Amino acid sequence: MSIFGEVPQAPPVAVFKLSADFREDSHPQKVNLGVGAYRTDECLPWVLPVVKKVEKLIVEDSSLNHEYLPILGLPEFRSASSKVALGDDCAAIKDNRVGGVQALGGTGALRIGAEFLRRWYNGVNNTATPVYVSAPTWENHNSVFADAGFKDIRPYHYWDAANRGLDLAGLLDDLEKAPEHSIFVLHACAHNPTGTDPTQEEWKKIAEIMKRRNLFVFFDSAYQGFASGSLDKDAWAIRYFVSEGFELFVAQSFSKNFGLYNERVGNLTIVAQDGENLTRILSQMEKIVRTTWSNPPSQGARIVSKTLNCPELFAEWKGNVKTMADRVLLMRDQLKAKLQALNTPGTWEHITQQIGMFSFTGLNPKQVEFMIKERHVFLMASGRINMCGLTSSNIDYVAQSIHDAVTKVQ
Amino acid sequence: MKKMKRPDSKLNETEVKQNGDAGGHLSVFTNVHTAAGSPEKILLSAFKKDTNPGKAYLAGREYYSEDGKTFELRLVRRIKQQLSADPTTRPEYPSPLGLTEFTRRATEVALGKSSRAIVEERVLGVQTPGFTAAVRLGAELLRNWYDHCAAWCGPVYLSSPCDDSLAGIFQAAGIQDIREYYYWDDQQRGVCLDKLLEDLEKAPERSVVVLSASAHYPTGADLSHNQWAVITELIMRRRHFPFLLLPPQALCYGNVEREAWPVQYCASQGMELLCAQSFSHCFGLYGEAVGHLLCVLKQNSLLLSVQSQAATIVKSLWAQPSAGGANIVATVLSNPAHVVEWKEEVKHIVERCMLIRELLRERLRLLGAPGCWNHLTQQSGLYCNTGLSEDQVEFLSQRRHVYLLPSGCLNVSAINGRNLDYIAESIHRALTTSL
């Protein structure tokens with residue numbers, strides 16, 4: 001008798017299933033707008049030129065040792081990563097109260113941060129601390145915090161479907177009503193899946209309430225540079241909160257902005273109240289990492305570290321990132337223009353108002369089904385599309401398909 | 001714990017905005033205390049502070065070459081160059097379960113190509129970011145699903161001694177009941193089978209037993225084929241679940257198949273098992289976190305569900321494993337010419353370790369060091385247990401600046417032509433000086 005005899009089949013992950021269905025579809029004009037990765041105008045993944053260059057440098061470097069990385073990761077990677085998020089002139093860094101933990105991608109950074117908070121925040125091993133995630137949010141946020149042991153994961157108002165924008169009133173209300181010390185997972189920029197970010201004024205309102213009510217700030221930053229093309233602009237919210245004196249975590253991912261999806265490069269930036277706190281926190285983080293993956297992989301961290309720490313390479317990288325961001329902005333402009341030219345019913349301003357890889361089109365589930373089944377354009381049931389899946393060759397077809405979906409299906 | 005006051009800790013109005021100080025509020029992390037360092041970390045820290053020119057660190061995890069550094073296999077270096085010039089490598093998310101070619105080869109390397117379990121499609125292979133991650137995934141799988149009637153919570157039996165991080169990994173996965181079974185015997189300078197069997201016999205039915213398939217860390221003492229036969233018979237009779245560890249495969253005898261024998265034997269007996277593998281050692285890919293979790297099931301009808309559960313667990317831990325190292329391993333193992341070359345390079349590593357063991361044994365004999373040292377050459381691989389007591393180990397680090405693990409175990413590769421005499425002499429002194 002197998003001990004695994006009663007194991008039920010876990011539900012498939014929606015976005016992977018979508019990709020699998022896409023692969024099996026043989027329609028010549030099929031388009032995949034589901035996957036969360038960058039594609040060029042030829043619809044291919046893109047190895048950033050600076051990454052290719054740096055990889056070669058690393059391979060040729062005979063001085064590199066091949067030992068296990070320290071448990072907390074490559075030191076020059078951790079400091080450079082935190083700096084890129086918080087800014088060169090960040091006072092908290094100068095105060096030696098900022099630290100980093102290299103992690104397996106953004107997911108790894110979130111998990112280590114969540115495990116730490118469950119053990120050490122709001123008491124000891126307090127699994128009852130409420131964790132708030134946006135409605136909607138990246139689906140994995142729920143799993144990461146739940147598997148870290150948190151029992152009470154709640155949504156906070158975010159997306160206003162009627163107005164296709166941010167439900168600021170609802171959000172602020174949730175902040176006012178949340179129990180003190182609740183944890184809030186905030187998207188630093190390019191909100192996934194809606195692409196809708198608070199304005200600077202709105203962030204200030206959010207910060208004011210969070211400070212007053214002692215709510216914990218946990219930023220998820222997976223798209224720095226990728227959203228607007230500017231690293232500084234995309235990090236504004238994080239830097240504002242730090243300047244306001246918050247202790248906070250930032251889970252950073254370099255998957256998208258370095259195109260290093262398969263090397264799993266992430267960093268958990270910790271802004272502590274002072275250096276002594278930081279030391280104690282890092283010692284506990286190390287314990288958590290020790291029982292998860294122990295020593296992180298070095299390849300991706302070396303690439304990022306070399307790039308961020310060398311002025312010429314850093315400049316080249318910013319250029320590469322801007323290339324990606326610009327293509328996305330171009331597709332947004334063109335899609336909106338084409339829908340308007342087709343006189344597609346509804347307003348389409350949100351396509352250019354939203355930012356980053358994703359757009360919440362506003363298509364309802366029936367319309368989404370039409371898109372997939374009748375037009376072979378694959379998108380998430382929520383109506384989320386990945387702008388990177390659009391190219392100059394398929395944008396007309398996609399625009400026409402959206403037009404058909406909206407006019408034929410209610 | 002000393003509290004350090006910052007020189008400018010007095011707040012004043014003009015400074016607040018600039019510093020972004022929370023201004024008088026207690027940190028939300030005031031109740032976080034400093035974690036006790038692991039014994040290895042404390043040891044390494046002491047070694048780094050030691051200014052003695054003759055100091056030697058024999059407690060490391062990696063293989064060190066004759067010049068005292070970890071090194072890259074020539075074949076691996078060439079493949080890295082090839083891969084970096086390869087225009088077809090695609091930067092996209094790998095599957096949560098890893099590279100198919102890698103898991104296929106890693107599975108074959110553990111079970112053998114013609115394993116019935118593979119042919120019958122009841123083997124799950126999951127690429128993990130390193131060995132620890134493989135153990136963690138296995139622990140999570142066991143905890144979630146071992147007993148469908150209730151969330152099973154142990155017990156898990158670990159060898160005494162064992163890698164001191166193992167208990168923590170199972171606990172992090174939610175299994176609190178961790179126990180030990182007798183393994184290393186100081187008198188016999190090896191495994192004491194009788195006491196081992198006694199402990200496993202007394203263990204509650206359906207316990208998880210963690211066994212080292214080869215290159216036991218930290219003692220280097222492995223089980224013979226006969227011992228495996230007896231132990232597996234007990235395991236089957238008591239309905240225990242074996243969780244095998246295969247970290248530095250190929251580094252004991254230079255023979256991949258030989259070292260995987262226990263895994264193949266258990267599978268051939270029709271047992272279900274988990275096996276955590278690492279390719280760090282045998283490919284010199286320490287920094288690349290290349291691990292693998294093997295799961296042999298009793299029925300192939302279970303494969304899809306267990307696979308889906310593994311993917312679900314992975315998704316909230318690290319989402320997907322890192323591709324780099326796995327690519328290299330897959331490239332080597334799927335090319336027969338590469339395999340030959342790889343085995344040759346590994347053979348050199350193994351032969352060097354064996355040579356060091358012989359030389360050390362010989363030196364100790366010549367010095368007249370008390371005790372029997374045959375076990376040094378009877379056992380093989382990277383680690384060996386000197387049988388030194390805690391006091392003697394401390395003497396070695398304090399007075400001779402030679403650092404061993406507290407258990408008396410050491411990494412033989414860290415011994416080389418330059419320090420062999422000094423180390424042998426030091427061990428001799430530790431044994432003969434009255435402490």
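Labels below follow one simple rule: chain letters A, B, ... track the order of the sequence lines, proteins then strands, and each chain is numbered from 1. A quick note: this is a predicted structure, and the numbers were derived from the prediction, not measured.
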- [ ] With rounding to the nearest 0.5 Å, note down the distance linking CG in B:L317 to CD1 in A:I112.
- [x] 8.5 Å

Open item on the list: Checking the side chain of A:K52 only, and the main-chain atoms of B:A85 only, is there a donor and an acceptor separated by less than 3.5 Å?
Closed with: no

Open item on the list: Would you say that A:R264 contacts B:P129 through its side chain, given a criterion of any heavy-atom pair below 4.5 Å between the two side chains?
Closed with: no

- [ ] Check whether any side-chain heavy atom of B:S316 lies under 4.5 Å from a side-chain heavy atom of A:F145, and answer yes or no.
- [x] no

Open item on the list: I'd like to check B:V32 versus A:Y121 (side-chain heavy atoms, cut-off strictly below 4.5 Å). Are they in contact?
Closed with: no

Task: Any B:Y93 side-chain heavy atom under 4.5 Å of A:N262 side chain - done: no

TODO: Answer yes if the side chains of A:R290 and B:S38 hold a donor-acceptor pair under 3.5 Å, and no otherwise.
DONE: no

Open item on the list: Is A:L117 in contact with chain B via its backbone, its side chain, both, or neither, using a 4.5 Å heavy-atom distance?
Closed with: side chain

- [ ] Kindly indicate whether the side chain of A:E286, heavy atoms from C-beta on, has any atom under 4.5 Å from the side chain of B:K41.
- [x] yes

TODO: Report yes or no: does A:R280 contribute a side-chain atom to a donor-acceptor pair with the main-chain N or O of B:H33 at less than 3.5 Å?
DONE: no

- [ ] Drop me the distance from A:L69's CG to B:Y286's OH, to the nearest 0.5 angstrom.
- [x] 14.0 Å

Open item on the list: With chain A as the partner, which of B:G130, B:P321, B:G284, B:A311 has the greatest number of non-hydrogen pairs under 4.5 Å?
Closed with: B:P321

Open item on the list: Regarding B:S27 and A:E247, do their side chains bring together a donor and an acceptor under 3.5 Å, going by distance alone?
Closed with: yes

Open item on the list: For the CG atom of B:N327 and the CD atom of A:E263, what is their distance to the nearest 0.5 Å?
Closed with: 8.5 Å

Open item on the list: Using modelled atom types and a 3.5 Å cut-off, is there a donor and acceptor pairing between side-chain atoms of A:S298 and backbone atoms of B:G287?
Closed with: yes

- [ ] Provide the closest heavy-atom pair for A:F4 versus B:L302 in the form atom of the first, atom of the second, distance.
- [x] O-CD2, 3.6 Å

- [ ] Please list, chain by chain and in numerical order, all residues satisfying salt bridge (Lys or Arg N to Asp or Glu O under 4.0 Å) with A:E67, sequence neighbours excluded.
- [x] none

Open item on the list: Can you confirm whether more than 12 heavy atoms, excluding those of B:K315, are under 6.0 Å from its NZ atom?
Closed with: yes

- [ ] Count the heavy atoms belonging to other residues, nucleotides or ligands that lie under 6.0 Å from CZ of B:R74, then report whether that count exceeds 12.
- [x] no

Task: For B:R136, all residues meeting salt bridge (Lys or Arg N to Asp or Glu O under 4.0 Å), sequence neighbours excluded - done: A:E115, B:E140

Task: Electrostatic pair A:R39:B:E92 at N-O distance under 4.0 angstrom - done: yes

